[in-house]
Amino acid sequence: MTEAMAKPGLAGTLLLLERRPFDTRHGRFRLHRCHDLETAQPMFALALGELASEEPLLVRVHSACATSEALGACDCDCAEQLDAALAAIARAGRGALFYLMQEGRGAGFAAKARDRMW
């Protein structure tokens with residue numbers, strides 16, 4: 001998220017709807033709530049520290065995973081990957097995590113359920 005996205009507005013295909021503090025167990029991040037104009041899907045980004053720098057930046061693009069993150073499924077490590085990414089960003093003091101609302105890397109919840117639960 002650049003300074004151009006500090007206020008609600010348009011950046012590429014993302015419409016920034018809101019930016020606010022967001023507390024996690026790894027510290028206080030900035031939540032950027034967006035709407036993707038191409039896919040008509042919501043998108044969230046969590047940012048920590050100063051992102052505009054010449055230094056390499058830790059970034060994770062994470063697909064939503066209800067089976068792991070909300071339901072605690074044992075056959076999926078998405079919740080652990082999400083937690084590890086936030087922990088790494090917190091340790092580095094700066095970084096971003098893009099949280100995409102596309103269950104199962106775009107496959108969808110029904111496809112994941114068929115593959116895993118039957």
Side-chain angles (χ1 to χ4, degrees):
M1 298 292 159
T2 66
E3 283 305 311
M5 293 189 70
K7 295 181 181 174
L10 191 59
T13 62
L14 293 179
L15 177 63
L16 178 63
L17 302 174
E18 175 184 23
R19 179 180 161 195
R20 64 180 180 88
F22 188 81
D23 292 324
T24 73
R25 63 192 220 162
H26 300 290
R28 179 170 275 196
F29 285 71
R30 290 182 313 278
L31 173 71
H32 300 261
R33 186 172 63 90
C34 303
H35 179 78
D36 189 318
L37 298 173
E38 285 187 17
T39 65
Q41 295 293 315
M43 193 280 298
F44 299 92
L46 291 175
L48 182 68
E50 178 58 46
L51 304 185
S53 171
E54 295 295 319
E55 297 297 315
L57 182 68
L58 287 178
V59 175
R60 175 169 175 84
V61 178
H62 186 87
S63 294
C65 180
T67 54
S68 178
E69 296 164 8
L71 302 175
C74 295
D75 63 345
C76 182
D77 65 349
C78 290
E80 288 85 3
Q81 290 178 26
L82 176 61
D83 188 64
L86 291 174
I89 291 169
R91 277 192 307 275
R94 59 187 287 272
L97 182 134
F98 294 88
Y99 192 87
L100 308 179
M101 303 304 287
Q102 57 175 31
E103 181 72 32
R105 296 180 185 91
F109 183 75
K112 282 176 63 176
R114 279 192 304 273
D115 289 345
R116 294 187 175 162
M117 299 176 189
W118 305 117

Nearest-0.5 Å distance that lies between atom CD in E38 and atom CG in L14
9.0 Å
Kindly determine whether L51 and R30 satisfy side chain to side chain contact (heavy atoms under 4.5 Å, CB included), including the steps that lead there.
CA-CA 11 Å; L51 304 185; R30 290 182 313 278; 4.0 Å; yes
Show the numbers, then the answer: is there a side chain to side chain contact (heavy atoms under 4.5 Å, CB included) between D23 and R28?
CA-CA 4 Å; D23 292 324; R28 179 170 275 196; 2.7 Å; yes
So, for C34 and L16, which heavy atoms are closest and what is the spacing to 0.1 Å?
SG-CD1, 3.8 Å
For the atom pair CZ (F29) and CD1 (I89), what is the distance rounded to the nearest 0.5 Å?
5.5 Å
Closest heavy-atom pair, H32 versus A47, reported as atoms and distance to 0.1 Å, is NE2-CB, 3.9 Å
Check: D83 and R25 side chains under 4.5 Å, non-hydrogen atoms
yes
Backbone N or O of L97 within a donor-acceptor pair of the R60 side chain at under 3.5 Å?
no
Closest contact, heavy atoms only, L58 versus A92:
CD1-CB, 3.6 Å
Rounded to the nearest 0.5 Å, what separates atom CD in Q41 from atom NE2 in H35?
8.0 Å
So which heavy atom on L31 is nearest to which on F22, and how close?
CB-CB, 3.7 Å
Atom pair CG/CG of L100 and D36 - distance to nearest 0.5 Å:
9.0 Å
Of all heavy-atom pairs between A87 and H26, which one has the smallest distance, and what is that distance?
CB-CE1, 3.5 Å
Smallest separation among heavy atoms of A45 and F98, with atom names
CB-CD2, 3.9 Å
Can you tell me how far apart OG1 (T39) and CE (M101) are? Round to the nearest 0.5 Å.
11.5 Å
